[in-house]
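Written below as structure tokens is the structure these notes are about.
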Amino acid sequence: MAKIHILDDHIANQIAAGEVVERPSSVVKELVENSVDAGSTTIDVTIEEGGLQLIRVVDNGSGIEQEDCELAFFRHATSKISSSKELFQIRTLGFRGEALPSIAAVSKVECVTSTQSNGLGTKLVIEGGSVRSFTEAAASQGTDFQVRELFYNTPARLKYMKTIQTELGNISDYIYRLAMAHPHIAFTLKHNDHLLLQTLGNGDLLQVIAAIYGSSAAKQLIPAHVESLDYRISGYISKPEWTRANRSGISTIINGRYIRNFSLAQTIMHAYHTYLPINRYPVAVLHIQMDPSLLDVNVHPSKLEVRFSKEVELLANVTKAIEGGLGQVSLIPQGGIRKTEKPAFVQEQMELYRPANSQHFSTAQQPSAAQPSLSPSFERKPVSEEMLRQLIQPVHGDVQQNQLPKFPQLAPIGQLHGTYIVAQNESGLYLIDQHAAHERIHYEYYYEQFGRPIEASQQLLVPITLEFTPSDAELLKNKLELFVQAGVIIEHFGGRSFIVRAYPHWFPNGEEQRIIEEMAEWILAEKKSIDLLKLREKSAILCSCKASIKANQSLTTAEMEALLQRLADCKIPYTCPHGRPIVVSFSSYELEKMFKRVM
């Protein structure tokens with residue numbers, strides 16, 4: 001007898017449901033995307049018990065014609081594509097035609113819909129994939145879709161559901177992203193009668209972000225925008241001072257579709273290169289508009305993964321948009337009290353003595369008997385002649401000064417705990433982490449130098465000997481060419497020993513061996529193939545950290561002025577290579593507020 005047969009529709013729909021309807025958030029995604037495709041301007045989502053008891057989506061879209069209502073629950077029934085050619089020009093969120101039958105196969109569905117505003121519509125009830133009733137009903141224009149007792153007839157699937165809070169988290173996460181993808185639609189999300197989200201639908205993306213993350217967080221965002229022949233990118237990115245512990249704050253939206261793409265996420269992270277501390281991530285909401293022919297969304301049943309035909313160009317534009325946004329604003333964090341309203345009363349201020357030759361409130365003065373140092377309890381550790389030479393003489397002439405915005409001109413007035421430079425200008429008070437500032441200066445210098453390390457490589461009269469564990473030595477033997485890319489000539493000397501024949505002459509004096517050892521440790525720790533740009537960056541960070549002045553190291557006024565001037569000449573003068581802030585400011589208003597001079 002024949003062993004192969006065609007599955008009946010009921011079983012086929014249950015199998016399809018396993019691909020399309022993985023959890024309650026999958027149902028919400030499919031239904032809400034249908035509402036968006038229907039041209040809705042309001043979409044209300046109601047959830048009970050994490051979506052397992054009830055998922056209700058009500059919209060004011062175009063609705064479903066009576067003769068199409070039952071047909072919509074057949075497999076591969078769709079109004080969104082009609083030919084294979086249209087698969088490469090997808091302009092809607094849904095198109096597969098498997099969502100409704102898959103949902104109906106594992107739940108109890110009630111759909112009330114109308115295409116008119118006369119109050120007449122259609123009501124369709126389906127349980128476990130079987131139609132129970134199909135009648136006329138009173139209905140407003142749009143669709144009211146209710147899904148009850150999800151997975152009631154597939155207990156094995158129900159068994160693997162997570163907690164209610166986990167399922168709700170998945171649902172709310174997707175609705176939040178869809179609301180950001182479509183700010184012109186008014187969304188509401190309720191769970192067990194608690195309002196979780198409400199947007200206005202006025203097209204203002206920043207207001208949607210504020211509804212999700214809070215108004216104070218939204219104030220930390222910077223607009224980002226760039227246009228090219230194929231792409232238009234717009235949205236908001238966070239200042240480096242507002243970060244998150246994971247990548248969940250990154251939302252990339254392609255033609256109104258929220259998508260996940262590893263290359264895009266990595267590009268966004270790299271655009272924040274040296275702005276953020278380790279294991280901290282930015283918030284970014286980017287809308288990317290492109291011709292649908294450049295995009296393949298038919299990659300995965302969830303339609304969250306896509307492929308790009310011009311990915312390199314797209315990633316370059318994303319980088320340009322983020323770097324352009326970060327370059328338009330001052331990235332100096334403000335301390336103290338935030339200004340919330342105009343003061344009702346301002347105490348009269350006395351004009352302090354200002355030297356005639358000063359362009360600031362006062363010039364920095366050396367500590368004297370009448371003017372004690374700001375760090376009297378710390379022993380003075382003078383800067384070496386070599387360090388002074390590095391501070392005063394610019395070593396990065398090819399690094400152009402940052403123009404937008406210009407780093408503030410600061411006058412040093414002292415030093416706190418031998419660690420922070422205290423400076424001022426007409427806007428207020430500034431604290432500068434001297435080690436972080438010097439690291440940034442050195443990093444940009446060394447990064448340029450590592451772009452041409454072979455030219456500066458010098459032979460050693462007495463080679464440096466390095467030793468590693470036998471297993472590390474075996475791995476290192478096959479990676480010696482990487483050291484050459486950094487200007488370090490190293491040879492295997494037998495067993496676990498290696499000798500360094502040459503390294504660039506600009507390596508920090510006295511730190512050469514330690515830098516090479518740390519480079520080797522990093523190369524050994526990288527399990528995947530080594531990116532040469534990443535090696536260049538890592539090497540520059542190693543050198544900058546070793547070469548920079550440390551905390552509890554006193555500086556003269558001339559040294560502080562030289563350090564601040566060189567910091568102002570940096571491309572990114574706001575964060576050290578590790579992403580820590582260099583400068584914190586206190587505005588004059590904040591100081592007056594703290595001292596009750598403003599009431």
Side-chain angles (χ1 to χ4, degrees), residues 13-35 43-58 93 98-100 102-110 126-129 144-181 187-199 208-209 211-214 217 243-252 258-260 262 265 279-281 283 285 300-305:
N13 284 337
Q14 285 194 322
I15 294 173
E19 297 177 352
V20 179
V21 186
E22 297 175 327
R23 56 190 344 109
S25 59
S26 305
V27 176
V28 174
K29 177 180 183 296
E30 298 293 348
L31 296 182
V32 176
E33 287 182 354
N34 280 345
S35 295
I43 301 176
D44 301 320
V45 182
T46 303
I47 306 296
E48 291 181 7
E49 303 303 319
L52 293 173
Q53 190 63 38
L54 171 68
I55 296 171
R56 185 179 185 183
V57 177
V58 181
L93 298 181
E98 292 192 15
L100 295 186
S102 298
I103 294 168
V106 291
S107 65
K108 299 176 180 179
V109 169
E110 179 181 297
I126 302 177
E127 292 186 9
D144 181 347
F145 210 115
Q146 298 184 47
V147 177
R148 298 184 182 274
E149 299 181 47
L150 186 62
F151 302 133
Y152 80 101
N153 56 351
T154 53
R157 186 82 51 79
L158 191 61
K159 175 182 173 182
Y160 287 100
M161 289 298 101
K162 304 295 184 181
T163 65
I164 288 176
Q165 287 303 318
T166 299
E167 300 302 336
L168 177 61
N170 292 328
I171 292 170
S172 58
D173 180 72
Y174 187 75
I175 293 296
Y176 293 163
R177 298 184 196 277
L178 201 65
M180 291 188 288
F187 284 90
T188 61
L189 173 63
K190 294 181 180 179
H191 180 254
N192 293 351
D193 293 328
H194 295 290
L195 182 64
L196 302 181
L197 176 69
Q198 183 171 26
T199 66
V208 178
I209 296 173
I212 295 169
Y213 294 109
T243 61
R244 296 172 69 87
N246 53 49
R247 291 183 174 87
S248 65
I250 298 176
S251 296
T252 48
Y258 164 66
I259 61 100
R260 296 175 188 152
F262 178 78
N279 295 328
R280 300 300 299 181
Y281 302 88
V283 172
V285 181
H300 189 272
S302 69
K303 303 187 290 292
L304 285 174
E305 300 173 17

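Nothing here was measured: the structure is a model prediction, and the numbers come from that model. Any value given below was found using the heavy atoms of this structure, including those in side chains, with hydrogens, waters and symmetry copies removed.
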So [Y] and [X], do their side chains get closer than 4.5 Å, heavy atoms only?
{"X": "Arg23", "Y": "Lys162", "answer": "yes"}
{"X": "Ser172", "Y": "Leu197", "answer": "no"}
{"X": "Ile103", "Y": "Leu31", "answer": "yes"}
{"X": "Arg148", "Y": "Gln53", "answer": "no"}
{"X": "Leu168", "Y": "Thr163", "answer": "no"}
{"X": "Leu178", "Y": "Tyr258", "answer": "no"}
{"X": "Ile55", "Y": "Phe145", "answer": "no"}
{"X": "Phe187", "Y": "Val208", "answer": "no"}

Any idea which heavy atoms bring [X] and [Y] closest together, and the distance?
{"X": "Leu150", "Y": "Pro24", "value": "CD2-CA, 3.7 Å"}
{"X": "Ser25", "Y": "Ile171", "value": "CA-CG1, 3.7 Å"}
{"X": "Met180", "Y": "Ile212", "value": "CG-CD1, 3.6 Å"}
{"X": "Ser102", "Y": "Val106", "value": "O-CG2, 3.5 Å"}
{"X": "Gly50", "Y": "His191", "value": "N-NE2, 2.9 Å"}
{"X": "Arg244", "Y": "Tyr213", "value": "NH1-CE2, 3.6 Å"}

Output yes when a side-chain donor or acceptor of [X] lies under 3.5 Å from a complementary backbone atom of [Y], and no otherwise.
{"X": "Ser251", "Y": "Val285", "result": "no"}
{"X": "Thr252", "Y": "Ile259", "result": "yes"}
{"X": "Tyr152", "Y": "Gly128", "result": "yes"}
{"X": "Asp44", "Y": "Arg56", "result": "no"}

Next item on the list: Count the heavy atoms belonging to other residues, nucleotides or ligands that lie under 6.0 Å from CG of Asn246, then report whether that count exceeds 12.
Entry: yes
Notebook entry, point to check: Heavy-atom count around Lys108 NZ within 6.0 Å, excluding the residue itself: above 12?
Noted result: yes
What's the spacing between [X] [atom1] and [Y] [atom2] if we round to 0.5 Å?
{"X": "Arg177", "Y": "Arg260", "atom1": "CZ", "atom2": "CZ", "answer": "7.0 Å"}
{"X": "Leu189", "Y": "Gln198", "atom1": "CG", "atom2": "CD", "answer": "11.0 Å"}
{"X": "Glu127", "Y": "Glu110", "atom1": "CD", "atom2": "CD", "answer": "10.5 Å"}
{"X": "Glu49", "Y": "Leu54", "atom1": "CD", "atom2": "CG", "answer": "10.0 Å"}
{"X": "Thr46", "Y": "Asn192", "atom1": "OG1", "atom2": "CG", "answer": "10.5 Å"}

Note to self: With side chain to side chain contact (heavy atoms under 4.5 Å, CB included) as the test, pick out the partner of Ile43 among Asn34, Val57, Ile175, Thr199.
What the structure shows: Val57
